[in-house]
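See below for the structure under consideration.
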Number of protein chains: 2
Amino acid sequence: MPRVRISDVAAAAGVSTSTVSLVMNDRDARIPPETQARVRAAADEMGYTPNSVARGLRTQTTRTIGLVSDTIATTPYAGRMLAGAQDVAREHGHLVILVDTGADADVEREAIRALADHQVDALVYACMWHQVVSAPDHLPARTVFLDCRPVDAGHPAVVPDDRAGGATAVRELVAAGHRRIAFVDVDEAPAPIASGLRFEGYLEVLREAGIAPDPALHVRGAVSAAGGRSATDLLLDLPDDRRPTALFCFNDRMAAGAYVAARHRGLDIPRDLSIVGFDDQQLVAAELDPPLTTVALPHYEMGRWATEVALGVRTPDDPGAVRLMECPIIRRDSVGPPPATGGDPSRRRT
Amino acid sequence: MPRVRISDVAAAAGVSTSTVSLVMNDRDARIPPETQARVRAAADEMGYTPNSVARGLRTQTTRTIGLVSDTIATTPYAGRMLAGAQDVAREHGHLVILVDTGADADVEREAIRALADHQVDALVYACMWHQVVSAPDHLPARTVFLDCRPVDAGHPAVVPDDRAGGATAVRELVAAGHRRIAFVDVDEAPAPIASGLRFEGYLEVLREAGIAPDPALHVRGAVSAAGGRSATDLLLDLPDDRRPTALFCFNDRMAAGAYVAARHRGLDIPRDLSIVGFDDQQLVAAELDPPLTTVALPHYEMGRWATEVALGVRTPDDPGAVRLMECPIIRRDSVGPPPATGGDPSRRRT
DNA sequence: TGAGTTTGCTAAAACGATTGAGCGACAGTG
DNA sequence: CACTGTCGCTCAATCGTTTTAGCAAACTCA
C-alpha cells in the first residue's frame, strides 16, 4: 500500500491541502473547530503523517541531527554518550544519524559532507576519550564537540572534569584515613589529557590534606589489567614504610590488574589495600571481587548536554568556554581504612 | 555562506540545470566530454554536492537506512553489530539513522513511524541478544531482523548459530582430552534461546565422543560473575570421581566467576581446570588471567549480513529461512589437557 | 534536395509538503 | 446602502533536485 499523502487527506476531508497542513501544524487559529476535527479525523483514519523529506525540503529543517564519532559505536566504552544524545533527540522529535568514522580523516570528511547534504539540523562531534582535536573544515554552524575540545574554539564543547574527578577519588581515600596514596598512571605517549588532569587532582587533594607527594608513589603502566598489575607490583615492592596503603588507578582495567597484584601477595582488598578506579566500566568495576569503588565518567550527561546545545534548547552558561562535567564517585567495596599496623600484612586470605 | 545549488553550477557552467544533473549522475552519454568537463569543473570549484533532501523527494530514495534496536547502543554488548551495519551502509553510500528504543514498545512504534516518514530505504531491526520477537506492525518492506527472529516469518533474519557454537566450545575441550565436562548454564526464566541451543551443542558433542552426559554436570546460575562462581562451586564440591575437569560456561562473565571459584580452592587454570566461555567480551575474556578461550558471537558479520540484504546487495541463500551465522572459537590460554591424576590437586599456587 | 537520424542540449513537470497572499461571503457600522 | 472587517478557506509559489519529452541544428544518405 502506498503512503497516504496530504492530498488524500484533503480529498477525504473535503478541504484543500493548505487547510490540512494548517490544521496539522496548528498554524491558523481561524480554522473553526468543526473543520479541524474533520481534518484530524480523516488524517487519523487514514494514518496520515507528513512526509519528512518533502517537509524538509520546504522548511529547510529535517529534524535530524548528525553524530559523528571516531569509534564510539564500535567500542563498549562510550555507548552512553550515544544514549544521552539519542534521548535528547527523541525528546525533541529528532532522529539521529550516526556515523562512526573509525578515526579515518577521509571517512570523516566524507561523512560530514554527507550529513550536510542531508541537511542535519545540528552536528555533534564525539570522541572516544577526552582529547584535543583539530576541528575538521566545513562544520555546520550548529556543531558541538563531545568528549573533546577543538584546538581553536568557535564551537561549544563538553568534556569530563578529570581534574575534579581525580580529586574526588583521592579525597575518598584521604577521608578513609589514608596518607600514603599512590597514583597508578598510564604510560602512553603522548599522555592522554585525562592522565595529567587526574594527577593534578591527586596532587591538589594531597596538598589540601597536608600530605607531601612521594614521587615513588606515582607509577605508570600500560592501559590494561597487565599494565596495572606490573605498575602495582612496583608499589608493593617498596619497603614497608613507603609502601602505599591505597591506590588511585587511572582506570578500572588497571585497577583490575592491581587486584591481581595484590592477591598474588595475599593482600586483602580493602583490608590491606584500598583501591579506587576511574571510568565505572560496569563489566569490570562491578564484577571485581570486591566490587570496585570508582569515579564515573558522565558519558550520558555529556551526550545530553552536547545534544541539547546543538539543538538550541540549552545555551552554555559560558559560551566560548569548554563545559566541564562532574564525575561522580561510585562507592562500592574496595575502600576501607588503612591497616592498623604498618607491619607485614598476613599472607593468608580470610 | 549558503549552500550552493545546482542552479548556481548551471549558471557558472553556462548550461541548464538539467545538463548539470545529467552530468553529475552520468545519465546521458550524449553530452560531449568538453561540456561534461566544464560542468564538473564548475561543480568542483564551487564545492557542489546535490542536496539529499531534494533528491530524496524526487527519487523517492534517501540513501539512508533505519536501525532500530532495543538497547544496542546503550550497552557495550553488541556495538559491533552496529559497526557492521555502518560499514556496509557506508560502502554503499548510505547513512544510518539509529534509534534505540530502550525496549519500549511505544517508543519503538513511534520510531518506526518516524523512520518511515523519513523514507529510509531499508530497516534493520536489531536485538541485544538472540530472541524471538513479535514483529511490530507497519514495518517497511525491506526489513531485516538482526540477532532475533520474528515469530511469523516474512522478513529475512540472522542470528548466531548458538548450537554449533556450543558444539565448537565443547569439541575444543574434548579435543584436549577432557571427558568430564560441565555446562555452567544460566538460570533465567524463561531461558534465553541461546541457553537451550548451546546445551544442545554440548550434548551433541558428548554423544559424538561417546561420553554419557551426567546431569550433575549441568548446573545453573545467574548471568554474572557471582552466578558463575556459585554454580561452579556446586561442581567443585562434587566427589573427586565426578568432578569435572573442564567447564563450558554460558558466557564470559560467568566464566570469570568460575575463575574466582577455582582460585578460591587453589586450582590452577588450565592445569587443574579448563574453561571455555562464550561471547568473547574483550573486557572480560582478554583481561582474565589466564586469558579466556571462548566462542565469539559474530556480531560484526551479522550486522553486515543484515544490512546487505536490507540494502538488496545480497540475497539470502535460502529466503524464508533464518540465517545462522557461525561462531568462531577464540583460543587463548584457559584450556589444557585434563590433570594426569584424578586425585586432589594441589592447593598451593605455582 | 529532402527525409531521416543523430547530436547537444533545455523546458517543464514532477516529488509532497508549507505558507504568504488573497478571495468571496457575511456581519457589523455609520 | 456603501464600506470595512472578519471568517473560512484556497491558490499558487516554493524548496532543489531528477527525468521525460522534445526542439533545433547538424549530419547522413539516397
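Any value given below was found using the heavy atoms of this structure, including those in side chains, with hydrogens, waters and symmetry copies removed. Letters A, B, ... mirror the listed sequences (proteins, then strands); counts begin at 1.
The separation between B:D28 atom CG and C:dT7 atom C1' is 10 Å, rounded to whole Å. Straight-line distance from the CD atom of B:Q119 to the P atom of C:dC15: 12 Å, rounded to whole Å. Atom CE in B:M24 sits about 8 Å away from atom P in D:dT18, given to the nearest Å. As rounded to whole Å, 8 Å separates atom P of C:dG8 from atom CD of B:E34. Rounded to whole Å, the distance from CD on A:Q36 to P on D:dC7 is 14 Å. Between B:R3 atom CZ and D:dG16 atom P there is a gap of 9 Å when expressed in whole angstrom units. Distance B:R55 CZ to C:dA17 P: 21 Å, rounded to the nearest Å. For the pair B:D8 CG and D:dC15 P, the interatomic distance rounds to 12 Å; values are reported in whole Å.
Under 4.0 angstrom from either OP1 or OP2 of D:dT19 there lies at least one side-chain N or O belonging to B:R27. For A:N25, a side-chain nitrogen or oxygen approaches OP1 or OP2 of C:dT18 to under 4.0 Å. Using a 4.0 Å cut-off, no side-chain N or O of B:R30 falls inside it from OP1 or OP2 of C:dG8. Using a 4.0 Å cut-off, no side-chain N or O of B:Q60 falls inside it from OP1 or OP2 of C:dA14. An OP1 or OP2 oxygen of D:dT14 is reached within less than 4.0 angstrom by no side-chain nitrogen or oxygen of A:R58. Contact annotation: B:S16 side-chain N/O to C:dT10 OP1/OP2 distance is under 4.0 Å. For the OP1/OP2 pair of D:dT17 and a distance below 4.0 Å, the side-chain nitrogens and oxygens of B:Y48 include at least one atom meeting the criterion. In terms of phosphate contacts, A:T19 brings a side-chain nitrogen or oxygen within less than 4.0 Å of OP1 or OP2 of D:dT10.
Residues B:V322 and B:V158 have side chains not in contact (no heavy-atom distance under 4.5 Å, counting atoms from C-beta outward). Put simply, the side chain of A:Q119 does not reach to within 4.5 Å of the side chain of A:T61, judged on heavy atoms. Proximity of B:Q86 to B:T307: side-chain heavy atoms (C-beta onward) are nowhere separated by under 4.5 Å.
Looking at heavy-atom distances under 4.0 Å, A:V15 makes contact with sugar-phosphate atoms alone, never a base. As judged by a 4.0 angstrom heavy-atom cut-off over every strand, A:S21 is placed among the base-contacting residues. In this structure, A:T35 reaches the sugar-phosphate backbone alone: every heavy-atom distance under 4.0 Å involves primed, P, OP1 or OP2 atoms, never a base. Within the nucleic acid shown, B:R5 comes within 4.0 Å of sugar-phosphate atoms alone, with no base atom in reach, counting heavy atoms only.
Below the 3.5 angstrom threshold, one finds a donor paired with an acceptor across the side chain of A:S18 and the base of D:dA12.
Mapping A:I6 and B:T17 onto DNA chain C via the closest heavy atom, the residue that lands nearer the 5' end is B:T17.
In this structure, the nucleotide among C:dA17, C:dC9, C:dT19 sitting nearest to the side chain of B:P32 is C:dC9.
Remark: A:R3 engages B:D117 in a salt bridge, criterion side-chain N to carboxylate O under 4.0 Å. In this structure, B:R323 does not pair ionically with B:E301, as no charged nitrogen and carboxylate oxygen lie closer than 4.0 Å.
Distance CZ/B:R113 to CD/B:E108: 14.5 Å, rounded to 0.5 Å.
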